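What follows is a short report on a single structure.
Just so we're clear, the structure is a prediction, and the values are computed from it rather than from any experiment.
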Amino acid sequence: MSPSASSGPINSNTTLERKPVSWNNLLLGASLNLFEASTLGQPFEVLKTQMAANRGQSIFKAIGSVWQRGGVLGFYQGLIPWAWIEASTKGAVLLFTASEFEFRSRTAGASPFLAGMIGGMMGGIAQAYSTMGFCTFMKTVEVTRHKSGVKQSTLEVASEIFKREGFRGINKGVNAVALRQCTNWASRFGIARFAQDSIVAARYGSTDAKPSAADKVAASMVGGALSCWNQPIEVIRIEMQSQVDTPGRPKKLTIATATKWIYQQNGYGGFFKGVVPRIGLGMWQTVVMVCFGDVLREYFGTN
């Protein structure tokens, strides 16, 4: 789903075809996602969630709080099975959905650039309403729930929530997840494309030159970092899914009531709590998926 060099209208003599989805690439993507989450990805995710749910904490206080909940293993709360389920499925959902919508957008007359953005946005929404919604919710529950002396497994917690609140309960905050994923992919695509063109023009004097692997990684990292402008949506999502018991907090939060509550408690600054670890997460995801991905695709011949 990388940007095409051309962004003009469709040639009437050109026959459009759906981009083929390679099962080898899906398997490789799932493996890379699992590696990303199981290494630095989940610690960044846990720290981001801790800060966004406890907005009075500095990054150092948040690190200390997570450490008290289990030492090194505290930074991997929610990894098994929720982050693994999410990591192993979200790539396939994105690729299949984005491919279909990109094809239909092109046949409707959209440029490759616009069609790619539409495909990415719809792919992100599909991710949220398939597996990412309840997996993200359960990861947040694991980080923010009170853990007493009685040990309760994460599957027991999920079962208890499902029995009490049903399907809606384990998908709490899914609309905010969809909004985050939609804006994530749209902005990552657009910013990364602009950054890559700028880097190529600066290095080679023309945007028509072929970018190197380093150029692509740099552009993708810039895109991943700058796409964190939507951190307010992520903080709202975490607040909706958080199990932190704060006096006066509304029991049933919507996007609107969560926004109002965060502003009342922390002002505008509250909407950007956790943005530093989220930038780190975005950059690490990019390094794994772009840099490692290109190397492994070339090694296994799945380009």
Side-chain angles (χ1 to χ4, degrees), residues 1 25-53 62-63 66-67 69-96 120 123-124 126-145 153-155 157-158 170-171 173-174 176-178 180-181 184-185 188 217 220-221 223-225 227-228 230-231 234 237-238 241 274-297:
M1 219 177 62
N25 273 339
L26 290 180
L27 180 59
L28 178 59
S31 301
L32 285 170
N33 273 316
L34 285 168
F35 171 77
E36 173 270 315
S38 302
T39 50
L40 294 179
Q42 192 63 11
F44 278 129
E45 179 75 28
V46 168
L47 187 56
K48 173 197 70 177
T49 302
Q50 177 70 24
M51 293 182 69
I63 291 171
V66 173
W67 182 267
R69 289 169 67 91
V72 173
L73 293 180
F75 290 92
Y76 290 90
Q77 296 169 98
L79 176 65
I80 303 172
W82 312 115
W84 278 8
I85 294 173
E86 179 185 314
S88 60
T89 58
K90 66 181 181 181
V93 172
L94 174 70
L95 285 174
F96 278 112
Q127 283 180 324
Y129 290 111
S130 53
T131 58
M132 280 193 75
F134 74 85
C135 286
T136 300
F137 171 65
M138 285 308 304
K139 287 192 299 180
T140 304
V141 168
E142 278 303 294
V143 176
T144 59
R145 71 183 174 99
S153 74
T154 187
L155 292 175
V157 173
I170 61 170
N171 278 277
V174 69
V177 176
R180 181 198 69 181
Q181 289 301 103
N184 264 359
W185 282 107
R188 280 181 181 178
V217 171
S220 296
M221 289 182 70
S227 66
C228 291
N230 66 356
Q231 180 66 8
E234 178 69 346
R237 189 275 299 172
I238 291 172
Q241 297 178 337
V275 70
V276 173
R278 188 173 176 219
I279 288 173
L281 175 61
M283 295 178 72
W284 174 240
Q285 287 174 333
T286 302
V287 168
V288 172
M289 299 308 293
V290 176
C291 185
F292 294 177
D294 283 350
V295 171
L296 291 175
R297 276 193 295 271

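To the nearest 0.5 Å, atom CG of residue Leu47 and atom CD1 of residue Ile63 are 5.5 Å apart. The CD atom of Gln50 lies 6.5 Å from the CZ atom of Arg69; values are rounded to the nearest 0.5 Å. Remark: Leu40 CG to Phe75 CZ distance equals 12.0 Å, nearest 0.5 Å. Atom CH2 in Trp82 sits 11.5 Å away from atom OG1 in Thr131 (nearest 0.5 Å). To the nearest 0.5 Å, atoms OH (Tyr129) and CD (Gln181) are separated by 11.5 Å. Rounding to the nearest 0.5 Å places CH2 of Trp84 at 13.5 Å from CG of Asn33.
Considering every non-hydrogen atom in both Gly173 and Arg237, the closest pair reads O-CG, 4.0 Å. In plain terms, the two heavy atoms of Ile238 and Thr49 that are nearest each other are CD1-CA, 3.8 Å. The two residues Ala37 and Leu79 make their nearest non-hydrogen contact at O-CD1, 3.8 Å. The shortest non-hydrogen separation linking Val177 to Ala128 is CG1-CB, 3.7 Å. Annotation for Gly274 and Lys48: closest pair O-CG, 3.6 Å, computed over non-hydrogen atoms.
Counting only heavy atoms from C-beta outward, the side chains of Val157 and Arg145 approach each other to under 4.5 Å. Under the 4.5 Å side-chain criterion, counting only non-hydrogen atoms from C-beta, Thr154 is in contact with Pro81. For the pair Arg278 and Asn230, the minimum side-chain heavy-atom distance is below 4.5 Å.
In this structure, the side chain of Thr136 does not engage the main chain of Gly133 through any donor-acceptor pair within 3.5 Å. Judged purely by atom type and a 3.5 angstrom limit, Gln241 has no side-chain atom pairing as donor or acceptor with the backbone of Met138. Of the possible polar contacts, one joining the Ser227 side chain to the Gly224 backbone as a donor-acceptor pair under 3.5 Å is found. A donor-acceptor pair is defined here as one N or O able to donate and one able to accept, closer than 3.5 Å; no such pair exists between the side chain of Glu142 and the backbone of Lys139.
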> So Phe137 and Asn171, side-chain contact (heavy atoms from CB on, under 4.5 Å) or not? Walk me through it.
Replying inline: CA-CA 7 Å; Phe137 171 65; Asn171 278 277; over 6 Å; no
>> Using side-chain contact (heavy atoms from CB on, under 4.5 Å), reason through Val287 and Met283 one step at a time and then give a plain yes or no.
In response: CA-CA 6 Å; Val287 168; Met283 295 178 72; 5.6 Å; no
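For the side chain to side chain contact (heavy atoms under 4.5 Å, CB included) with Glu45, the lone residue among Leu281, Thr140, Val143 that qualifies is Leu281.
Under the side chain to side chain contact (heavy atoms under 4.5 Å, CB included) criterion, Val275 pairs with Cys228, Gln231, Ile279, sequence neighbours left out.
Taking the six-membered ring where the residue is Trp, Phe35 and Trp284 present tilted rings, their angle falling between 30° and 60°.
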